[in-house]
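Structure record follows, encoded as structure tokens.
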Amino acid sequence: MAENVTPRVRVPKEAAAGEVITIKTLISHPMESGQRKDKEGNLIPRSIINRFTCTFNGETVIDVAMEPAISTNPYFEFQAKVPESGTFTFTWIDDDGSTYEDTKEIAVA
Amino acid sequence: AGSGLSVMLGGRMALATPTEELIANFTGGAEITGEGLTLTAPEIAENGNTVPVEVDAPGAESIILLATGNPNPDVGVFHFGPLAGAQMASTRIRLAGTQEVVAIAKMSDGSFARAAQEVKVTIGGCGG
Amino acid sequence: GNWSRLAAQQRLSQEDLIGTGGPGNVTLIHITDIHAQTQPIWFREPEINLGVGEARGLVPHVTGVAFRKLYGIEDGSPLDYALTYDDFVALGREYGRMGGLDRIATVLKAIRAERPDALLLDGGDTWQGSLPALRTEGADMVRLFNALGTDAMTSHWEFTLGIDRVNQIVENELDPAFLGANIFDATWDEPAYEPFKMFERGGTAIAVIGQAFPYLPIANPSWMFPDLSFGVRQERMAEVVQEARDAGAEVVVVLSHNGFDVDRKMAAQVPGIDVILTGHTHDALPEPVLVGSTHLIASGSHGKFVSRVDLDVQDGALKGLTHRLIPIFSDVIAPDAEMTALVEETRAPFKDEMAEVLGTTDSLLYRRGNFNGTWDDLICNALISEREADIALSPGFRWGASLMPGQEITREDVFNATAMSYPEAYRSEMTGETLKLILEDVADNLFNPDPYYQQGGDMVRVGGMGYRIDIAQPQGSRVTEMTLLSSGEKIDPSRTYVVAGWASVNEGTEGPAIWDVVESHIRKQGTVSIDPNTSVDVVAG
Ligand SMILES: [Mn+2]
Ligand SMILES: [Mn+2]
């Protein structure tokens, strides 16, 4: 299991109703590709985050299927529509079954 | 992702490159005729282990990203939900060497668009 | 050359060199790529400067007689000496050294006497390239360029001082605005420095946009500025130009360190730029190059030239541009006493150390040119003998002053060709295959037909090995006939060779500093003599 996996997310605190905002996410994770070898020449087993999703009040913004070619500390930047006040939920799913989650509130003035 | 499909299509696509196979899986073999997908990547990668790439296709349902020169060209697939503010996304990818990065977008009308960008991965050094 | 008829120096006057400006309401003064050269120096322009793709045969890829013909420059004239390579030694003895910050100060004062509010813009590569700049981590140059009254600058080698030192300078020591529209933090992809600054001159709003060297993390050690990302970022430039126009800019000037061919492409692709003050590739051109409605200015390097650009801006648009490339003939332009004193103050702590004579050169030592220069040959010889190597590699830097035949070589001279923050002279083993890979990789960074895939700089210099290069071929097929000079045998892809080099971009490189290696070699030689290098066979297509 990957250690010290920490999600970081940048979301504006407020928006106008219907506004499109930019969201940036980063999660510290080695994204072990399964193609590298250790000092003894043995393949290091694959261990990556294979899926990332962002929802707002339960509805999907983006859903990404990820392969080992995504870099260490996966980064995503994308845009979301904000119809009302609510909560963004960010979910990262690890090969090992772990799920990492972060949430951010946004207020519509 | 898509490995099941590639087995299914294996017979038909026997001579295809891994990239062509992945594209065929994504399009179901449909022709790629549309426009409206922009792929942005640096001409020269600052670091082949983390190359910023952005895809942008207004009206797309999903976009597949491929690194054609990697041992496994699969990079990822972006699906846009009803609350996507735009059908665009940026990420950072690994490139095993100088190669063409390719994206295919599936548009909401069922058509497909393609975009590509050559990214150079260099040893570095020297300067003016 | 026809130089024998000249008593040239006597015929030149300071007033003639500086001249007067053209019509207009805005004056720009451009200096770039001084590489910490505060003293008058010799600097031979390149003999070989090949252009590829659409730039083939276009300036700045024109040298020698073709350059003189293109600009109507007379053989043996001051501009012949200043701008072309041939007859360099004879003309140099006639016209003397060029540059010197105190002479530049005199020129600035003369321009400001006429135009007190002229903008002074520095294109970067300012804080690196001399012993005092290395020892003070750029503090001397920061102080001197503050004293010149610099309004804005952009950057390249500045970042090889390390990110902490750069930020310390920018926050505490630097007067000019430190601009870089294309500098982003690598984590969150957000702008890391100011992209542009708006100036108000003669009732006119002038936006100066900075563009740092796009390939810094590749050409120089990225571990020295780990969380920064650069790149050409053409879309970003278009956005910033628009932002500047929206903010009321009547004229948009890009202070660029892209290199000339990259600027030429950017000018064609990004609308709305009136003037690009180019840098990095060290070219000097006596006239602007017009791309669409964008004027490209090339002001040379090492303090040899100052460009004066007068803009006539009316009703929010550029109506006319006058340009003057002012050559800094150090024996003609009087030094400014205040600046002389200030420069001497910055040099004083290192004066004795720098003045020490290490040997003498029989040959002209120069670096500029796409392939081996004699300075690099000397460095490669030093690496091979001092590090006991089969083959030496020396980076294709475009900075470094020349030395005249018969001149004593001082420690200062060696530092002028080597001073930088990652000088370790490594010794390692490489297969023939790896050597080929390196040469092909560097060649493509220089000769890729698309300028956005070029890094500027010149071909890596090679000692102990010859090769043939056909620049028109694609990457992987340019370099052939690699030959070990000591045995005359072809390089074997699978054999291992001992290779010595310096300026590796990899963290943790070990070895003595290159200036110590070169000093030791020169001391043993006493008098150095470098034969013309005929071991690189260039096919220019
Ligand atoms: Mn320079
Ligand atoms: Mn430079």
Side-chain angles (χ1 to χ4, degrees), chain A residues 10-12 15-16 18-27 29-36 43 46 48-84 86-89 92-93 95 106, chain B residues 1-6 18-19 22 25-26 40-41 45-58 60-97 99 101-103 119:
Chain A
R10 288 198 174 182
V11 181
E19 192 183 336
V20 171
I21 59 161
T22 297
I23 293 177
K24 297 180 180 191
T25 70
L26 190 70
I27 187 162
H29 191 285
M31 292 293 283
E32 193 56 63
S33 68
Q35 289 172 357
R36 290 195 322 136
L43 269 189
R46 168 181 147 153
I48 71 164
I49 289 175
N50 58 48
R51 190 173 171 200
F52 165 71
T53 65
C54 169
T55 60
F56 181 71
N57 291 348
E59 219 171 342
T60 301
V61 176
I62 197 168
D63 184 341
V64 188
M66 298 160 62
E67 300 293 334
I70 299 286
S71 304
T72 303
N73 305 332
Y75 171 85
F76 292 106
E77 180 180 334
F78 50 94
Q79 307 209 316
K81 225 178 301 179
V82 187
E84 73 246 338
T87 308
F88 282 103
T89 304
W92 291 262
I93 297 169
D95 273 351
I106 189 165
Chain B
S3 58
L5 259 178
S6 94
T19 299
L22 288 162
N25 291 347
F26 183 73
T40 310
E46 291 179 352
N47 174 355
N49 287 321
T50 169
V51 181
V53 177
E54 181 182 294
V55 288
D56 182 4
E61 278 176 13
S62 57
I63 302 175
I64 187 169
L65 188 60
L66 301 160
T68 61
N70 281 2
N72 177 3
D74 246 353
V75 176
V77 182
F78 302 88
H79 301 273
F80 301 100
L83 285 186
Q87 287 69 42
M88 67 175 297
S90 301
T91 188
R92 293 168 190 155
I93 69 173
R94 293 168 169 154
L95 296 180
Q99 58 182 281
V101 176
V102 171
V119 178

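Chain identifiers are assigned alphabetically (A, B, ...) following the order of the sequence lines, protein sequences preceding nucleic acid strands; residue numbering begins at 1 within each chain. Please read all numbers here as calculations on a predicted model, not as lab measurements.
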How far does [atom1] of [X] sit from [atom2] of [Y], to the nearest 0.5 angstrom?
X	Y	atom1	atom2	answer
A:S71	B:N47	OG	CG	8.0 Å
B:L83	A:T60	CG	OG1	8.0 Å
A:D63	B:F80	CG	CZ	10.5 Å
A:M31	B:I93	CE	CD1	11.5 Å
B:Q87	A:F78	CD	CZ	13.0 Å
B:R94	A:Q35	CZ	CD	9.0 Å

Atom group of [X] that falls short of 4.5 Å from chain B, counting heavy atoms:
X	answer
A:T22	neither
A:T55	neither
A:V20	side chain
A:P83	side chain

Is the count of non-hydrogen atoms from other residues, nucleotides or ligands lying under 6.0 Å from A:R46 atom CZ greater than 12?
yes
Quick one: what part of [X] sits under 4.5 Å from any heavy atom of chain A, side chain, backbone, both or neither?
X	answer
B:P71	side chain
B:A89	both
B:N49	backbone

Using only atom types and a distance under 3.5 Å, with no angle test, would you say the side chain of B:T91 pairs donor to acceptor with the backbone of A:Y75?
yes
Report yes if some heavy atom in the side chain of B:V75 is under 4.5 Å from a heavy atom in the side chain of A:I70; otherwise report no.
yes
Please report the closest heavy-atom contact between [X] and [Y], naming both atoms and the distance.
X	Y	value
A:A69	B:N70	CB-ND2, 3.9 Å
A:K81	B:P82	NZ-O, 3.9 Å
A:V64	B:F78	CG2-CD2, 3.6 Å

Only pairs of heavy atoms separated by less than 4.5 Å count here; which of B:P73, B:A84, B:A96, B:G76 has the most with chain A?
B:A84
Give the intermediate values and the outcome of side chain to side chain contact (heavy atoms under 4.5 Å, CB included) for residues A:L26 and B:R92.
CA-CA 10 Å; A:L26 190 70; B:R92 293 168 190 155; 4.2 Å; yes
